[in-house]
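A short worksheet on the structure shown next.
Every chain is numbered from 1, with letters handed out A, B, ... down the list of sequences.
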4 protein chains.
Amino acid sequence: MGNLNDKRRTIMEAALRVIANKGFHGATTSKIAKLAGVAEGTIYNYFENKEDLIISLFEETWRKLTERAETRISNLEHPNDKLEAIFDEVMGLFEKNPHLIEVFLIEIKPGSLFYEKKVQSLLSFLDLIEGIIREGQSLRIYKRDLDPKATRMVIFGAAQGIIHGAFLEGAESFSLKAAKETLKRILKSGLMEEIQSGL
Amino acid sequence: MGNLNDKRRTIMEAALRVIANKGFHGATTSKIAKLAGVAEGTIYNYFENKEDLIISLFEETWRKLTERAETRISNLEHPNDKLEAIFDEVMGLFEKNPHLIEVFLIEIKPGSLFYEKKVQSLLSFLDLIEGIIREGQSLRIYKRDLDPKATRMVIFGAAQGIIHGAFLEGAESFSLKAAKETLKRILKSGLMEEIQSGL
Amino acid sequence: MGNLNDKRRTIMEAALRVIANKGFHGATTSKIAKLAGVAEGTIYNYFENKEDLIISLFEETWRKLTERAETRISNLEHPNDKLEAIFDEVMGLFEKNPHLIEVFLIEIKPGSLFYEKKVQSLLSFLDLIEGIIREGQSLRIYKRDLDPKATRMVIFGAAQGIIHGAFLEGAESFSLKAAKETLKRILKSGLMEEIQSGL
Amino acid sequence: MGNLNDKRRTIMEAALRVIANKGFHGATTSKIAKLAGVAEGTIYNYFENKEDLIISLFEETWRKLTERAETRISNLEHPNDKLEAIFDEVMGLFEKNPHLIEVFLIEIKPGSLFYEKKVQSLLSFLDLIEGIIREGQSLRIYKRDLDPKATRMVIFGAAQGIIHGAFLEGAESFSLKAAKETLKRILKSGLMEEIQSGL
DNA sequence: GATGAATGAGCTTTCATTCAT
DNA sequence: TATGAATGAAAGCTCATTCAT
């Protein structure tokens with residue numbers, strides 16, 4: 001154990017940091033190798049090719065994010081609280097490392113590395129969200145006529161949207177904090193059953 | 001007239017098709033030229049450089065989309081109907097050309113071609129949405145505590161999300177039609193003022 | 001007459017101005033054509049190719065310079081005065097249009113357009129200088145043991161040298177005026193027979 | 001050691017030979033790589049870009065020339081002898097490699113690679129000459145009213161001139177040996193104080 | 001396993017020249 | 001003759017991948 005996986009991990013971490021600093025297309029094998037403190041050729045002892053490295057990184061990152069999210073929601077009761085906690089987890093990662101958005105949100109698209117591979121870890125993350133939606137529906141907290149697979153993409157996409165918004169407009173005209181609040185409100189009443197007043 | 005713009009248009013259409021087939025980063029000048037049936041150098045008679053070509057394509061596409069959307073909503077009264085009409089217009093384009101999502105929805109990020117340029121046509125499209133939101137708020141149809149700039153990104157992102165969903169999962173497990181319905185419901189109650197019961 | 005040569009002349013003048021503004025390598029056929037107010041293809045009705053244009057321009061410019069120099073020295077007696085007048089003529093042209101130096105002084109070298117062609121007009125200009133040297137030698141003003149062909153190159157090269165100096169060092173540390181004076185003094189005593197004092 | 005610098009040297013020597021054969025502007029990276037027996041990309045393992053290669057070559061060549069000249073003059077006393085020794089050194093190099101003139105004497109002009117960089121090695125070489133001139137002036141051997149910065153360019157340019165002459169005219173009508181003698185004579189009396197007769 | 005120099009296909013861009021009109 | 005859009009070879013440069021050590 002250890003040694004082999006240590007170097008593999010070192011390379012992946014270097015790749016993550018290079019992407020975080022230089023962006024997806026600025027992440028060359030040479031920069032990754034240098035930061036990892038290994039020779040360029042060494043990368044190919046641990047990964048088939050660059051694509052394999054990036055996909056592995058992607059999988060690992062989403063897997064860990066999902067794990068952290070699962071831990072956090074395990075203490076929570078209400079589906080709204082769970083969704084909010086997950087959302088915070090995701091936002092935290094990408095606020096710290098804006099460039100990761102490129103790889104972990106944006107490179108999820110037709111034609112990208114990740115698309116053909118239908119990367120499992122992202123689907124698992126989406127499954128987590130879907131589970132909460134279904135749970136909320138069972139508890140009659142969330143509207144039962146919402147398609148869960150569609151709903152999870154609406155939530156995921158809306159979150160991406162406000163991150164994009166933060167870049168598209170400046171920090172001056174776009175408050176991420178206010179945007180989070182707005183998103184929360186929209187989703188809350190968008191998802192929740194309307195309370196039958198007077199009953 | 002015509003001839004000059006014809007060739008320009010031919011090149012732009014070729015670029016669009018190459019992007020559609022090969023993705024944004026697979027769209028080389030050589031492939032574009034070949035598909036357009038012109039020499040590579042000819043591209044540079046009509047565009048300053050590749051970036052100029054891509055941005056022109058981007059601008060043109062969003063501009064036309066915005067125009068069509070404006071025409072469609074001019075007959076409509078209720079903000080919900082307007083948003084739905086716009087949404088249909090966008091979905092129509094990207095269902096036909098899935099790869100365009102890369103360029104027209106996604107390449108809007110720090111470091112990308114479009115980010116520095118803050119391409120005006122996309123902002124105009126978003127302005128259209130924002131206008132409808134503000135209008136709905138004035139009419140006390142939409143919640144007044146929603147930040148319009150955030151809201152427009154939530155809508156935009158949610159729409160992207162369900163398009164992504166359609167690709168991430170197969171057609172068999174993801175019904176775009178059902179997804180649209182779900183999105184509509186979420187946004188409807190998400191955006192609209194809750195009716196004061198007892199009145 | 002006229003029309004044919006007019007257009008030819010127009011193109012050459014445009015070429016001269018483009019070189020003067022943009023330098024030798026910035027002088028593209030497209031810029032020349034635009035400034036001349038003709039189509040790019042038209043250049044090829046008057047010149048075999050770009051090389052032919054440039055060489056023609058070179059020849060013409062040196063021919064005219066030689067003519068002007070001949071006119072000026074026709075009134076002068078002493079070889080020193082003649083050389084100085086020629087020198088002033090050359091310096092005047094290149095001080096006004098520094099970029100011309102590239103073509104008319106510097107592109108005279110092995111491997112250049114002009115080298116293989118052994119451009120006649122420059123040789124005529126050098127012949128003019130040589131004639132003055134020979135004349136000075138006949139009159140026992142100049143040293144008779146100087147090889148005239150070598151001497152003409154020494155003069156020509158020395159003049160180039162101080163022009164280079166003006167570029168190599170800044171205007172602040174290199175006074176072209178002082179340099180001319182120095183060159184004059186060196187050549188004067190360098191060329192002239194030493195007067196046998198006391199005899 | 002060695003191996004790394006060997007390849008660097010191989011590439012520089014190839015560049016030198018390509019320039020010698022094809023001239024400065026005919027020296028493409030592809031030709032250089034082919035002659036060096038390396039892939040084009042290999043050049044960029046040793047030099048930042050083509051400009052860096054050419055400037056390195058230039059610097060190296062002038063530096064070595066200056067070194068050799070310094071060694072040779074260290075044994076000499078009279079400024080005339082020193083200048084002559086330097087001159088011989090320069091002539092030796094360029095007689096062997098005529099095309100180098102382009103790069104090492106002539107590409108020193110506004111707009112050229114070397115101009116902006118004010119390549120230090122050439123200035124050092126010129127400083128060497130200037131030092132001898134100043135020394136000669138201190139010793140009252142050379143005229144004190146000559147501007148040393150101008151004088152060094154006159155000498156430099158005159159030497160260039162006779163090299164040019166050797167190419168412009170054929171070997172049959174231009175004797176480089178005679179030209180050297182002529183240059184020596186002109187400079188000798190041109191630079192030296194006139195002896196005060198009667199003393 | 002680890003190295004990193006070497007590779008070379010492929011990229012965007014330029015521009016002298018051609019030729020159908 | 002005049003046009004100028006079209007051409008395409010060739011340029012400098014990048015970088016994922018290989019392989020001899």
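The nearest whole Å value for the distance from the NZ atom in B:Lys50 to the P atom in E:dG10 is 15 Å. E:dT13 atom P lies 10 Å from atom CG of B:Asp52, rounded to whole Å. Rounded to whole angstrom, the span from the CD1 atom of D:Ile54 across to the P atom of F:dC13 amounts to 10 Å. Regarding B:Arg8, its CZ atom lies at a distance of 15 Å from the C1' atom of F:dA5, rounded to whole Å. The CD1-P distance, from D:Ile11 to E:dA6, rounds to 8 Å in whole Å. As a whole-Å value, the separation of D:Ile43 CD1 from E:dT7 P is 11 Å. Following rounding to the nearest Å, D:Lys34 (NZ) and F:dA11 (P) show an atom-to-atom distance of 10 Å. Counting to the nearest Å, the P atom of E:dC15 and the CG atom of C:Leu53 are 16 Å from each other.
A 3.5 Å limit on both hydrogen-bonding distances identifies F:dA2 as the Watson-Crick or G-U partner of E:dT21. Across all strands shown, F:dA16 forms a Watson-Crick or G-U wobble pair with E:dT7, both key distances being under 3.5 Å.
Both D:Asn45 and B:Asn45 sit near DNA chain F, but only B:Asn45 has its closest nucleotide nearer the 5' end. Summary of the strand contacts: D:Gly26 and A:Thr28 both lie near DNA chain F, and taking for each the nucleotide with the nearest heavy atom, the more 5' one is attributed to D:Gly26. In this structure, C:Ala27 and D:Gly41 both approach DNA chain E, and ranking their closest nucleotides by distance from the 5' end singles out D:Gly41. The residue among B:Glu40 and C:Glu48 whose nearest nucleotide of DNA chain E is located toward the 5' end is B:Glu40.
Of the side-chain N and O atoms in B:Lys7, one or more sit less than 4.0 angstrom from OP1 or OP2 of F:dA6. At E:dC15, none of the side-chain N or O atoms of C:Ser30 fall inside 4.0 Å of OP1 or OP2 (strictly under the cut-off). Between A:Tyr46 and E:dA2 there is a side-chain polar atom (N or O) within less than 4.0 angstrom of OP1 or OP2. Considering only side-chain N and O atoms, B:Tyr44 lies nowhere under 4.0 angstrom from the phosphate OP1 or OP2 of F:dA6.
Formation of a donor-acceptor pair under 3.5 Å by the B:Thr61 side chain with backbone atoms of B:Leu57 is found in this model. Here the side chain of A:Lys50 pairs no donor or acceptor atom with the backbone of A:Thr29 at under 3.5 angstrom. Remark: side-chain polar atoms of C:Gln120 are not paired, donor with acceptor, to backbone N or O of C:Glu59 under 3.5 angstrom.
Residue D:Arg17 places its CZ atom among 12 or fewer non-hydrogen atoms of other residues, nucleotides or ligands, all under 6.0 Å distant.
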- request: May I have the step-by-step check of salt bridge (Lys or Arg N to Asp or Glu O under 4.0 Å) for A:Arg8 and A:Glu60, ending in yes or no?
  value: CA-CA 12 Å; A:Arg8 188 183 157 90; A:Glu60 175 96 347; over 6 Å; no
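Contact annotation for A:Thr29: base contact, defined as any heavy-atom pair under 4.0 Å involving a base atom. Base contact: D:Thr42 has a heavy atom under 4.0 Å from a base atom.
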